[in-house]
*Asks:* 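Handing you this structure, nothing more for now.
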Amino acid sequence: MSNATSGAGPVATPHDQATLQGSIGWLGIVFFVVAAAAPLTVVFGSVPPAITFGGVGIPGAMLVAGIVLILFAVGFTAMSRYVTNAGAFYAYASHGLGKPVGIGVALVALVSYAVLSISFYGLIGFFANITVMQLFSTDVPWWVFSLLALGLVFLLSRRQADVGAKVLGILLTLEIGIVALLGAAILVKGGPAPFSMEPFSPQAVFGASGAGILFVFAFGAYLGFEATAVYAEEARDAAVAVPRATYVAVVFLAVFYALSAALIIHGLGVEGALAIAADPDSAQFLTSIAADTFLGTWGANAMLVLVVTSFVACLISFHNATARYLFAMGREGLLPRSLGTVNAHGAPLRGSVILLVVAAIVIGAVAVTGRDPYFGMAVWSYAAGVTGLVLVQAMAAFSVVGFFLRDRRGHGALRVLVAPLLGALGLVVAWFLIVSNIEVLSLSTGARNLWLTLPGPALLVAGVVGGLLMRSSQPARYDALLSSSEKTS
């Protein structure tokens, strides 16, 4: 059995397997993707340390990262016409690079999504505790907020994806709105000096001593954009919805990040922004300082509240993606087949419950041992998730090239070979930059960072080895993986 189905028809799952059902539109998919990227938390939490360690070139770095991902998306969206599966990158890698590689990619994606979900429970608890303390002078234990978030995720995970998309639409409107208000206020009031294009200059983006660190934060800002394909089974007209959602999400995020960061730097002044970022006591509050300066105390407080809801939106998105990978791998028999079933609402509830139980155990363990939710739970899991997910993105880009190298299916070479190959090379460079600068994400040094970066490559190799063993010892089971039928377009 060949690894890719030739012809112009879509690769589909067999009719006797469970499939996810839904009517989510392209805009709903955009909500999930943008929520996963958490635009407010990027502006609030990533732009300040990027300036601290890399200088004022972060707006330009955001645009460069966006261009790399657009190159990947060009081929990615072309392949989405032919491969529709809730375990998106598992199916892409299997059809493009072979089933053993697909199994390895699935393992990396699953673990990366799962640990990122865990990190957001810690971030929600940490920032909600700070926000309530500042607004109401009341010290509510962080784990109370984490468990409240867990309860909300449980309620939403019981329904189809379109229900969660409506909630995300509300949360995203609020968080994007506060950043837009801040940007508008800066434009109206102006900064201490005329607007400078220095943050977009090649010297600031590529020539700064911390240029590599700029791209660590830049590529991390787009996490989750690849999830458009995860919802293909639940989309109305996936052939249209997935490409449109991918392009809209990436272009919106690139413009939003670059413009927001540039305006904040303009509002504080290039020298002022660098001075604040260099002060250990104020560096992490750089965006808050800008909000307080241009919007007043209410703006800074509103931003604190919306940072928490932004993490909630992010959690919902990553939880859903993880549950769908569990569903897809259960359906394939790579995990217990009971995971490959849906409830009465058509949602993959069993995988969601497993994730919620694991999250509850981690929250409980951190709380009982008295560890800090930020340093003892959120930071390390976020760093591990970022390295794994960027590796998956790079493998998916190579998968697109492998898929169309055998048969371009009428597409031009520029779209399905050249563009995704350039995107893949860019993502490989991004992965190496992240691994070599992992300490800025993990906030630690030494052997611990090795344990945060090794799981991705190790899981990839383990999956490949497992797939090869299955092919030799259980050929019938191997052939049944992603068995597909060819259909007319």
Side-chain angles (χ1 to χ4, degrees), residues 34-35 37-52 56 58-59 62 120 122-140 142 144-145 148-149 170-193 195 199 217 221 256-315 372-374 378-379:
V34 177
L40 176 57
T41 61
V42 169
V43 173
F44 186 89
S46 295
V47 169
I51 296 174
T52 298
V56 295
I58 185 61
M62 290 291 190
F120 296 127
L123 290 168
I124 289 168
F126 177 79
F127 282 102
N129 170 266
I130 291 176
T131 301
V132 171
M133 176 66 76
Q134 178 161 324
L135 297 181
F136 305 106
S137 299
T138 302
D139 187 10
V140 179
W142 67 268
V144 171
F145 302 107
L148 286 174
I170 296 171
L171 297 179
L172 280 173
T173 300
L174 292 172
E175 65 174 283
I176 291 170
I178 192 67
V179 178
L181 279 175
L182 174 58
I186 292 173
L187 284 175
V188 171
K189 296 181 180 180
F195 186 86
F217 288 103
F256 179 85
Y257 290 147
L259 186 59
S260 300
L263 286 174
I264 289 172
I265 292 171
H266 169 59
L268 299 172
V270 171
E271 297 303 323
L274 289 172
I276 294 172
D279 182 358
D281 294 327
S282 60
Q284 62 183 316
F285 301 109
L286 184 146
T287 303
S288 228
I289 291 170
D292 188 59
T293 301
F294 290 93
L295 295 177
T297 303
W298 77 267
N301 290 338
M303 187 166 285
L304 282 176
V305 173
L306 292 174
V307 163
V308 176
T309 62
S310 179
F311 279 126
V312 171
C314 201
L315 170 61
D372 183 89
Y374 187 80
V379 171

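Heads up: numbering here begins at 1 and tracks the sequence.
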*Asks:* Are any of the side-chain heavy atoms of F126 and W142 separated by less than 4.5 Å?
*Replies:* no
*Asks:* Judged by atom type as modelled, is there a donor-acceptor pair below 3.5 Å linking the side chain of Y257 to the main-chain atoms of A221?
*Replies:* yes
*Asks:* Would a 4.5 Å heavy-atom cut-off, applied to side chains only, mark L148 and I124 as touching?
*Replies:*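 They are not in contact (no side-chain heavy atoms under 4.5 Å apart), so the answer is no.
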*Asks:* Distance check, rounded to the nearest 0.5 Å: I58 atom CD1 versus I264 atom CD1?
*Replies:* 11.0 Å
*Asks:* Please give me the minimum heavy-atom distance between T41 and V307, naming the atom from each residue.
*Replies:* CG2-O, 3.8 Å
*Asks:* For A149 and L315, work out which heavy atoms get closest and say how close.
*Replies:*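 Looking at all heavy atoms of both residues, the shortest contact is CB-CD2, 4.1 Å.
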*Asks:* So, T287 side chain and V43 main chain: donor-acceptor pair closer than 3.5 Å or not?
*Replies:*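 Yes; at least one donor-acceptor contact below 3.5 Å.
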*Asks:* As an exercise, state the distance from CG of L171 to CD1 of I176, rounded to the nearest 0.5 Å.
*Replies:*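 The CD1 atom of I176 is 11.0 Å from CG of L171, to the nearest 0.5 Å.
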*Asks:* Rounded to the nearest 0.5 Å, how far does CG of N301 lie from OG of S288?
*Replies:* 8.0 Å
*Asks:* Ignoring hydrogens and geometry, is there a side-chain-to-backbone donor-acceptor pair from N129 to V140 under 3.5 Å?
*Replies:* yes
*Asks:* To the nearest 0.5 Å, what is the distance between CG on L123 and OG on S310?
*Replies:* 10.5 Å
*Asks:* What closest approach, in Å, do E175 and A313 show between heavy atoms, and which atom pair accounts for it?
*Replies:*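 What the structure gives for the nearest pair is OE2-CB, 4.4 Å.
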*Asks:* Could you tell me whether the side chain of M303 reaches within less than 4.5 Å of the side chain of L295, counting heavy atoms only?
*Replies:*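 The answer is no; the side chains never approach within 4.5 Å.
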*Asks:* On a heavy-atom basis, which atom in G183 and which in L263 lie closest, and how many Å separate them?
*Replies:*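 Looks like CA-CD1, 3.8 Å.
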*Asks:* Checking V132 against F145 for the side chain to side chain contact (heavy atoms under 4.5 Å, CB included) test, could you report, in this order, the C-alpha distance in whole Å, the side-chain angles of both residues, the deciding distance, and whether it holds?
*Replies:* CA-CA 10 Å; V132 171; F145 302 107; 3.6 Å; yes
*Asks:* From F127 CZ over to L306 CG, what is the distance, rounded to the nearest 0.5 angstrom?
*Replies:* 13.5 Å
*Asks:* Which heavy atom in V34 sits nearest to a heavy atom in P39, and how many Å separate them?
*Replies:*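 In terms of heavy atoms, the two residues are closest at O-CD, 3.2 Å.
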*Asks:* For T293 and I289, indicate whether the former's side chain and the latter's backbone hold a donor-acceptor pair under 3.5 Å.
*Replies:* yes
*Asks:* State, yes or no, whether a side-chain contact exists between L40 and L174 at a heavy-atom distance under 4.5 Å.
*Replies:*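 They are not in side-chain contact.
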*Asks:* Determine whether F44 and V179 make a side-chain contact, defined as any pair of heavy atoms from C-beta on separated by less than 4.5 Å.
*Replies:*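 With C-beta onward as the side chain, the pair stays apart.
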*Asks:* Any chance you could measure I186, atom CD1, to S260, atom OG, to the nearest 0.5 Å?
*Replies:*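 Atom-to-atom, I186:CD1 and S260:OG are 9.0 Å apart.
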*Asks:* Looking at every heavy atom in both A277 and P48, which two are closest together, and how far apart are they?
*Replies:* CB-O, 4.4 Å
*Asks:* Taking the side chain as C-beta and beyond, is there a heavy-atom pair between V308 and V305 under 4.5 Å?
*Replies:*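 No - every pair of side-chain heavy atoms lies 4.5 Å or more apart.
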